Novice: 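One structure, as structure tokens, below. Some questions next.
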Amino acid sequence: MNEFEKRLEAVLLSYGGDYPEKLYKAMRYALFPAGKRIRPRLVFLSSEFLGIPFDKVVPLALAIELIHNYSLIHDDLPCMDNDDFRRGLPSCHKKFGEAMALLAGDALLNLAYEILFEAVCRDASLVKSASFIATMAGIQGMIGGQALEFSFDTFNDDLITQLCMKKTGALIKAAVLSPAFLSEDYEKNAALAVYAESIGVAFQLQDDLIDEDKKETKSYLHVNGKERTVFMLNKLNETAKNALSKWDSAEQLINLSDSLTNRKS
Ligand code: GRG
């Protein structure tokens, strides 16, 4: 992952100086110090499993991590979740003001597509992967999921599962499956699809359990209770691991599913 951090740093440094310094600082503040970098890790593990070289998928990993960090900035804004803290530090809008945070999120999102377009121009085989990332980040994926949250006052099991699949699961799916568009191993691709769907929802369920004290009402935990949430989390982890269990080369993906299920932050 150190190589990924270097590439991320290089992308930001490649900007010329013709922009307001505060905007650039707000963008950097959202990206460093790093979060867990789960999504790029998934891109690289999935690619390794499929035998796709690291360098080829770096733009996919960069774009997904930039989109993830923009979504966190926007998610923390007063009009969304109104969170004052992120990763133990003041959230971007608390540090830089609402307008600059909003723009920093927009700029990270735009940068993600700049990277994808450049990559596709250099290597046209990446076009389906890039297009899939855009779909998963958009109205049918993450943004659609976020909009669901603001569309209903009460949630049943179906609706809250949809929300988890889209708001959180879609970008995780983009990370696991965007490399699959570069592979013709259909058996492995199908197994990765099951893995991606399962860990995507499981990630949100574990997030709910970590944030149990926040008493969030639009959550799987609130709708279904702790016992069912823990049951589903373990079931999804088993489904994810079983999907890949016949391949020795899937060991790291399998271990990652376990560690995401048991994570504490
Ligand atoms: C266009 C206004 C506007 C919004 C964009 C905000 C948004 C759409 C979507 C929000 C999606 C969102 C924040 C989902 C939560 C997913 C989640 C559990 C995030 C935490 O991920 P981690 O734990 O974060 O991987 P780190 O800090 O490790 O990077």
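Throughout, numbering of the chain's residues begins at 1 and tracks the sequence. Atoms within a ligand are numbered from 1 in the order they appear, just like the ligands themselves. Remember, predicted model here, so these are calculated numbers, not experimental data.
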Novice: At less than 4.0 angstrom from any non-hydrogen atom of Asp207, what atoms of ligand 1 do you find?
Specialist: 18 (C)
Novice: Do other residues, nucleotides or ligands put more than 12 heavy atoms under 6.0 Å from the CZ atom of Phe117?
Specialist: no
Novice: Considering only non-hydrogen protein atoms, determine which one is nearest to atom 24 (O) of ligand 1 and report residue, atom name and distance to 0.1 Å.
Specialist: His68 NE2, 3.3 Å
Novice: Among protein heavy atoms, which lies nearest atom 2 (C) of ligand 1, and at what distance?
Specialist: Met80 CE, 3.1 Å
Novice: Answer yes when Asp84 and Lys95 have at least one side-chain N-carboxylate O distance shorter than 4.0 Å, and no when they do not.
Specialist: no
Novice: Using the salt bridge (charged side-chain N to carboxylate O under 4.0 Å, His left out) definition, which of the options Arg37, Arg7, Lys36 pairs with Glu65?
Specialist: Arg37
Novice: Provide the closest heavy-atom pair for Leu60 versus Ser178 in the form atom of the first, atom of the second, distance.
Specialist: CD1-OG, 3.9 Å
Novice: Can you find an N or O of Ser71 that's nearer than 3.5 Å to an N or O of ligand 1?
Specialist: no
Novice: Look at atom 4 (C) of ligand 1 and find which of His74, Arg37, Arg263, Glu149 reaches it with the closest heavy atom.
Specialist: His74
Novice: Using a strict cut-off of less than 4.0 Å between a Lys/Arg side-chain nitrogen and an Asp/Glu carboxylate oxygen, indicate whether Lys235 and Glu238 qualify as a salt bridge.
Specialist: no
Novice: Would you mind checking which non-hydrogen protein atom is closest to atom 23 (O) of ligand 1, with the distance to 0.1 Å?
Specialist: Lys36 NZ, 2.5 Å
Novice: Between Lys6 and Glu9, does any side-chain N to carboxylate O distance fall below 4.0 Å?
Specialist: no
Novice: Which atoms of ligand 1 are found less than 4.0 Å from any heavy atom of Gln204?
Specialist: 18 (C)
Novice: Quick one, Lys56 with Leu182, criterion side-chain contact (heavy atoms from CB on, under 4.5 Å). Give me CA distance, side-chain angles, the key distance, then yes/no.
Specialist: CA-CA 10 Å; Lys56 190 163 176 98; Leu182 300 162; 3.7 Å; yes
Novice: Tell me: protein heavy atom nearest atom 12 (C) of ligand 1, and distance?
Specialist: Lys167 CE, 3.9 Å
Novice: Which residue and non-hydrogen atom of the protein lie closest to atom 16 (C) of ligand 1, and at what distance in Å?
Specialist: Thr168 OG1, 3.5 Å
Novice: Which pair of heavy atoms, one from Pro179 and one from Ala174, lies closest together, and at what distance?
Specialist: CD-O, 4.4 Å
Novice: Which of the atoms in ligand 1, numbered in the order shown and given with their element, are less than 4.0 Å from a heavy-atom of Gly35?
Specialist: 26 (P), 27 (O), 28 (O), 29 (O)
Novice: Can you figure out which of Gln206, Met142, Arg39 has its heavy atom closest to atom 17 (C) of ligand 1?
Specialist: Arg39
Novice: Kindly work out whether a path of hydrophobic side-chain contacts (I/L/V/M/F/W/Y, heavy atoms less than 4.5 Å apart) joins Leu192 to Ile38.
Specialist: yes
Novice: Which of the numbered atoms in ligand 1 are below 4.0 angstrom from a heavy atom of Tyr70?
Specialist: 1 (C), 5 (C)
Novice: For Arg87, take its heavy atoms, then give the atoms of ligand 1 lying under 4.0 Å from any of them.
Specialist: 26 (P), 27 (O), 29 (O)
Novice: Which residue and non-hydrogen atom of the protein lie closest to atom 10 (C) of ligand 1, and at what distance in Å?
Specialist: Gln146 OE1, 3.4 Å
Novice: What atoms in ligand 1 come closer than 4.0 Å to a heavy atom of Leu72?
Specialist: 13 (C), 19 (C)
Novice: In terms of the angle between their ring planes, are Tyr24 and Tyr15 parallel, tilted or perpendicular, with boundaries placed at 30° and 60°?
Specialist: perpendicular
